[in-house]
Amino acid sequence: MNVRRLAPWLLVAAPLAVFVALFLAPLVNLFALSLFRFDRSVGVVGGLTVENYTKFLGDPFYLGILWRTLRIGVLATLASLLLGYPLAYHMQRCRPRARAYLALLVLAPLLVSVVVRSFGWLVILGPNGLVNSLLVSSGIVRDPLRLLYTEGAIVVGLTHVFLSFMVLSIAAALARIDPALLRAAQNLGATERQTFFRVVLPLSLPGVAAGSLIVFTLSSSAFITPALLGGPRVKVMSYLSYQQTLLLSDWPYGAAIAFVLLGLVAGAVLVYLRVLESGRYGVVFR
Amino acid sequence: MPPVLVELREVAKAYEGHAAVRGLSLAVEAGERLALLGPSGCGKTTTLNMIAGFLEPDTGSIVIGGRPMAGIPPHRRDTAMVFQSYALFPHLSVFDNLAFGLRMRRVARAEIATRVREALELVQMAGLERRYPRELSGGQQQRVALARALVIRPGVLLLDEPLSNLDAKLRQEMRLEIVEIQRRLGITTVFVTHDQEEALSIADRIAVMSEGRIEQIDGPIGIYHEPRTEFVARFIGDGNFLPGQVAGVEDGQTRVDTAAGLPVRAARGRQRPGDAVVAMVRPEKTRVTLRPERLENSFTATVRAITFLGPVTRYQLLLRDMAFAASLPDASHLAGVEPGATVHVGWRAADCLLLDPAVPPA
C-alpha cells in the first residue's frame, strides 16, 4: 500500500488509540464487571451471571429510579425545547451584533462551574430563598414551599445549562434555511403563521433532533446537578451507580446499573430518531 | 389597446440612505411579457420585490388589477414568483410543492390533484410528482418552480433571473418554452434579467433600467435599433461610440464633429447645433473595403486584428487612434488583408444614431 493511502489512517491513529484505550476498553471492562458477583465478605467473585440485571429489573425501587431518571431527561429536554426554540428563532431574526450578544448570554451558564451554578439554585429555591420569600411576602402562600430536593428542582437546574445546546443547534438549523423559501411561501399565499408551521418548523427539525438528543443524553446521565438539587432522597441512576460502586463497594451492581442506563438512553435515542426519520418530513434528515 | 394590469406610479425605495429605485413609473399591459433589464444594482429586483409585496415602496403607489397595493401583504397579492434559486421546498415532494399554494387557497383535494397534474404536464414534468427537489436536475427544478407559480393561476407571473442558473443550451430551450407557455395561458409576465439576449428573446417590451430609473421602454427592435441614450445603446448589443458636437443640420442629416476629429454624418436627431452628442454605429452596419465606397461616412483605418467568429468576421480597426469594430457576414473581398493593412471603413448616415451622452460633460 502506498503512503498516500496510508496517510489518513496514520493521522487518525492517535485519536483512535486514545478512544480505544480510554473509552472502549474501560467500557468492555465495565460490562464484564457487571456480569460478576459481589459478596460482602469476599468482594468481587468471578463466574459470569446476569444476576445483577435481574436484581435491578425485578425490584420496583430500582425501576422507580430508572423511570424517574428518564422522566427528568424527557422533562428537561421538553423544557429546553419550549424555551429554546423561540429564543433560537428570535436570534436568527436579529442583526448580527444583537445575535452575538444573545449567543453569549445563552452560553453564559456553561462558563460557570456546575457546582457554583447548582449552589446558585440552592439559594434561589431554598426554604428561605428568593422564590419562597417572594411567595410568602406577597401572601400567595403562607408557608414556604418545598422547591429544593424535588424532581422539579433537578429539571430546572439541568434546563438552565443544557438550554444552550438546544438553542445553538436549533439556531444553526434555522440559519441554513434559504430566506427565499419564506418569501416563496408567502408569495404562494401563506401567512406568517402558516409559513412557520409548514416551512420553517419542518426544515429546522434536524436542529431540534440534534438538540434534543444532546439535552436528553446529558440530562439522563447528569450526576452533580441531580445530586445537589435532588439530594439523596430524589436519587437518579447516575447517583445510584455511584452509591453502589463507591459507597457500598458493590462494583458489579454499580456497573450493571450504568449499563441499564446506557442501554435505555441509547434505545430511546434510536427510537426517537427512527420516529423522526419515518415521519412526514423524514426527507429533511437525509 | 389591452388594459393595464400592473401600474407603478412614481415609486421610490431606498435602503439605508442608498436610493435603489427613484421615481419609477411603469404600466404593464394585460397579457404582455415585460422585461426589466439592467446591470446589477439598477433596482430591477427591488422593483420586482415591490410588485410581489416583499418590499413596500417609500413613496409612490403600485396598483394591480385596479387595486392599490399599499399595505397588502405578499400572501394576499395576486402574483406568483419564480425565484432565481427556484426556492423549492426541500422537505416537500414535487406534488406537495405544487399543492402548497392551492392548499393555502383551500382548494378541494380532488381539484388539487387535477390542477397539479395539468401544471406538471404543461412544463413536461408529468410523472415526477413523488420526487423531492434534491433528486431533480437544475433544469427540472426550474420547470417545477415555474409550474408551482402557474398552478395557482396568478394574475401576474413574476420571474427573477429565471434562467441564470442553467447552462447555455438549456437556457435557450427554456426561453422558447417560457414564451410558449406564456402565450398559451396569456398570463401577464414581468421578468427581471441582466442578460440582454434573454430580454430580447422573451419580452414583448423591455424596460432598460439604470440607477433606479427606466432609461427607455420599448419593444426589442426599438430598443436595439433606436436606443435613445448612450447607456441603452451600450447595454444592448455592441456599438462604436463617437462623442462630439452637432456642427449643423442639413438635408435631413446632422453633421457631427467628433472629438477624434472625424466629420460624421448621422440621421436627423432631436439635437441642435452646439449640443454634445454621441454618434453611434453598430459593427454590423459598417462596411470594410479595400477601396473607398460611396457612403456618407467613409474613412481610412488600420487593421489591428481579424477574428473569424463563424457567422461573422470581426475586424478590430484603428480609426484615427480610436478603436473601431466592424462585423462582416461576408469578408471574402478582404482575402489577404492582414493586421497592419490600411482599409476603408464606411457606413450610411441613416445607420448612424445620435444619442444623449451617458454623463453630461462638465
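Source: prediction; values computed, not measured. Letters A, B, ... mirror the listed sequences (proteins, then strands); counts begin at 1. All values below were derived from every heavy atom in this structure, side-chain atoms included, with hydrogens, water molecules and symmetry-related copies excluded.
Within a 6.0 Å radius of OH in B:Tyr15, more than 12 heavy atoms belonging to other residues, nucleotides or ligands are found. Atom CD of A:Glu192 has 12 or fewer heavy atoms from other residues, nucleotides or ligands within 6.0 Å.
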If you apply the rule side chain to side chain contact (heavy atoms under 4.5 Å, CB included), what do you find for A:Asp178 with B:Phe89, and how did you get there? CA-CA 10 Å; A:Asp178 178 3; B:Phe89 303 121; over 6 Å; no

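If you measure heavy-atom distances from B:Arg134 to chain A, the contacts under 4.5 Å come from the side chain alone. Contacts of A:Gln194 with chain B are made by side-chain atoms alone, with heavy-atom separations under 4.5 Å and no backbone atom involved. Using a 4.5 Å cut-off between heavy atoms, B:Arg105 touches chain A through its side chain atoms alone.
Without hydrogens or angle criteria, B:His91 side chain to A:Arg280 main chain gives no donor-acceptor distance under 3.5 Å.
The CG atom of B:Leu92 lies 9.0 Å from the CZ atom of A:Arg198; values are rounded to the nearest 0.5 Å. Taking OG1 from A:Thr191 and CZ from B:Arg76, the interatomic distance works out to 11.5 Å, rounded to the nearest 0.5 Å. Within the model, atoms CZ of A:Arg183 and CG of B:Asp160 stand 9.0 Å from one another, a figure rounded to the nearest 0.5 Å. Here A:Asn187 contributes atom CG and B:Thr79 contributes atom OG1; the two are 4.5 Å apart, rounded to the nearest 0.5 Å.
In this structure, A:Val284 and B:Pro90 have side chains that are not in contact, with every pair of non-hydrogen atoms separated by 4.5 Å or more. Within the 4.5 Å cutoff, side-chain heavy atoms of A:Val199 are placed close to those of B:Phe100.
A pairwise comparison of heavy atoms in A:Leu181 and B:Leu88 identifies CD2-O, 3.2 Å as the closest pair. Closest approach of B:His75 and A:Gly189 over heavy atoms only: CB-C, 3.4 Å.
Per-residue counts of heavy-atom pairs under 4.5 Å with chain B were compared for A:Ala190, A:Pro202, A:Gly282, A:Ala180; the largest is that of A:Ala190.
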